[in-house]
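Every heavy atom of this structure was used, including side-chain atoms; hydrogens, water molecules and symmetry mates were not. Within every chain, numbering begins at 1; the chains are lettered A, B, ... in the order of the sequence lines, protein sequences first and strands thereafter.
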Amino acid sequence: MFFDLIRHNGLFAALTVIGLIQPFFLPLGASLLSGEAIAAEASAGTLRYLVVRPVGRARLIVAKYSAVVAELAAAIVWVMVVALIAGGFAFGYGSLPTLSGTTLGGGAATVRIVATAGYALVGMGALAAIGMFLSTVTDSGLGAAAATMAIAITSQILDGLPSLRAIHPYLITHRWFAFVDLFRSPVEWNGIVQGLILSGAYVAVFLGLALAVFSRKDVVS
Amino acid sequence: MNVIEASGLTKRYRDLAAVDELDLSLEAGVLYGFLGPNGAGKTTTIRMILGLVFPTSGRVDVLGQPMFGPGGAERALRRVGALIEEPAAWSYLSGRRNLEYFARSGGPAEDRNRRLARIDDVLRIVGLEHAANKKVKAYSQGMRQRLGIAVALLGSPDLLVLDEPTNGLDPQGMREVRLLLRRLADEGTTVFVSSHLLAEVEAMCDRVGVLASGRLVAEGPPSRLRPTADRLRIEVDDPDRARAVLADVDGATLDGSETPGERVLRVELAPPATAALVNAALVTGGVQVSALVPEQESLEDVFVSLVEGADVPR
C-alpha cells in the first residue's frame, strides 16, 4: 500500500513492512505463541508442575497471555526498526507525506509510526486471545496454533467476499489495516476506533473463556 | 490439625468411580505409604490432594486449607512440594536453570528468594551438584528423578507429596531416596508417598494405606497389615511322635495339611504357645528337630488378598 512511496522516504519502509507481515506472518507468530502457551506445557508434562505452584490458575493464564503479547510486541518493534534502518540507508529520511497530500514533520511522523505498531499489536492481541482459549481446551499445542491460524485466514477470506458484507464488521481481521487512516490529514479515527473496540471485545470474550475453562479444568496431563 | 484430611472424596469419570468416598487423615511428621495396583486411583487421589483434579464430591483440606475453597489451594501450595508421576523439566535447560525457573515462579517475593537461596542445598541433597550445569536432555532417568525431587524440596515444604519417587532409580538410588525421605520425616516433614513396591513401603513408612478400586481397603502401620497368627514349619525325624507331643502343647494347632509319613509339619501358634516352647516340648519328648522355621505371610500375599477382597471390577 505504501510501496510506491518507499523510494521517496525511508520512513515508509516501516509502514510497508507492517502491511506485509500483518496478513500472514504476524498472525502465524501470534497463533504459534498463543496456541502453545498452555497446551505445549500440558504435552511436555510441565503444566501440572506450574499449576501446583502457589499461584492461582487465573494468574497463570494472564501471565502467559502477557508473555505472548510481549513477544509479539518485540517482533513488531524488531521488524519496524530493521525496516527503518534499511529504508533510511536506501532512500534517506524526509518529511512524511500523508495520503491526503499534506506533509508531517519528524516528530508527528514518529508518533504515528509508533501508533501503527501499537495498533498492529492490539489486533494480534485479539488473535492471541483466541489462541489462548483454544490452548486451554486441547493438549495439542500445534492443533491449537493451526486452528487459530485457520481462523485468521478464514476471517480474511470472508472479509473479501462482498456478499457477506453484513458480517464484515464482526470479523477479527476486518480492521487490521485501518492503521493507514493514521496517515491522513486529519486522522480518520472511525475505522481505528472500531478496530480497537472490536479487538477489545475479542480479547474480553476469549480470554474470559480461557479463564473460565482453565479454572475448572482437571489437569490430567 | 491434620496435614491431609479428606472426607468422602470422590471422582467419577462418567459412570466409573476412580476414587470412591475416600476418607484419609494424615498427621504431621508421618511418612505415609500409599499402596495400590495400577488403576486403583492413587494418581487421581494425589492430583485431588494437590488441587489439579476437581473432585465430583467430597472435600480435601491440606495444611488446614480447603483445596477447593477460594484461595485455599494457593495458601496450602506455598508449603507443599510435589513430584507427580514423572518429573518434568525443560530439557533444553540445565538442571540448575530448571530449579531457578521453578524457584522464581509463584508466591510472594520472600518465598521466591528463599527458594533461590536453597538451590545449592537441594542439588546437594539429591546428589546432583556435579551435573547441575548439564542440560537435562543429557540426564539419565535416575538423574531426572532426582531433579524432580529437588524441585519438590525447593520450598522447604511442610508436606511432600511424591508419586512413585523411586521409579527409574537403580537399587542404590532407591535406597538413597528411602533414606532421604526417612530423614525428612524424622525432621518433621510430612511425607505422602505412593508406590507399588511393597518392600520399599514396608521398609520406610510409618503408616500404610492400601487403595483398591478407589477405596481404602486397609490402613495402619505396616506391621499391622500382616496377620498376627504365627506359623511354624517344623521338620522332624518322627512325625507321629511329634504330633502326639504337640497335642499337649497349649495353643499349638496342627493344620493337618501334611500327608501321612511326611516329615514336615505346619503348626499355627496362638498364645501362650511360642516357637521356643514348641521346640522345647518336642526335644523333651524325644523328637529330633532338624528345622524350625517361622512362616509369615508375605506383605505381597496380604496385598493381593486385600485387593482381591475389594472386588475389583475388571
For Glu27(B), does the CD atom sit with more than 12 other heavy atoms under 6.0 Å from it, leaving out its own atoms?
no

More than 12 heavy atoms of other residues, nucleotides or ligands under 6.0 Å from CD of Glu86(B): is that the case?
no

Step through the shown structure and confirm whether more than 12 heavy atoms of other residues, nucleotides or ligands are within 6.0 Å of CZ on Phe25(A).
no

Under a 4.5 Å cutoff for heavy-atom pairs, which residue among Ala63(A), Ala44(A), Gly56(A) has the most contacts with chain B?
Gly56(A)

Around Tyr170(A), counting heavy atoms of other residues, nucleotides and ligands shown, do more than 12 lie under 6.0 Å from its OH?
no

Using every non-hydrogen atom in the two residues, find where Ala88(B) and Gly45(A) come nearest and quote the distance to one decimal.
CB-O, 3.0 Å

Where on Arg59(A) is there a heavy atom nearer than 4.5 Å to chain B: the side chain, the backbone, both, or neither?
neither

So does Arg112(A) have more than 12 non-hydrogen atoms from other groups sitting under 6.0 Å from CZ?
yes

Which bit of Arg112(B) is near chain A, if near means a heavy-atom gap under 4.5 Å: side chain, backbone, both or neither?
neither

Partner chain A: residue of Ala152(B), Pro87(B), Pro108(B) with the largest heavy-atom pair count (under 4.5 Å):
Pro87(B)

Which value, rounded to the nearest 0.5 Å, describes the distance between Leu52(B) atom CG and Arg48(A) atom CZ?
8.5 Å

Please answer whether the main-chain N or O of Val219(A) pairs with a side-chain N or O of Arg47(B) as donor and acceptor at a distance below 3.5 Å.
yes

Of all of Leu50(B), Val80(B), Leu83(B), which one pairs up most often with chain A through heavy atoms under 4.5 Å apart?
Leu83(B)

At their closest point, which heavy atom of Leu77(B) faces which heavy atom of Val51(A), and how far apart are they?
CD1-O, 3.9 Å

Rounded to the nearest 0.5 Å, what separates atom CZ in Phe102(B) from atom CZ in Arg53(A)?
6.5 Å

Residue pair Tyr101(B) / Thr46(A), side-chain heavy-atom distance below 4.5 Å
no

Does NZ belonging to Lys217(A) count more than 12 external heavy atoms closer than 6.0 Å?
yes

When you check the gap from the basic side-chain N to the acidic O, do Lys11(B) and Asp218(A) get nearer than 4.0 Å?
yes

Non-hydrogen side-chain atoms of Ile84(B) and Val52(A) separated by less than 4.5 Å:
yes

Non-hydrogen atoms of chain A under 4.5 Å away: do they reach the side chain of Ala89(B), the backbone, both or neither?
backbone

Short side-chain to backbone donor-acceptor contact, Tyr49(A) and Val151(B), under 3.5 Å
no

Ignoring hydrogens and angles, tell me if any N or O in the side chain of Arg78(B) forms a donor-acceptor pair with the backbone of Pro54(A) under 3.5 Å.
no

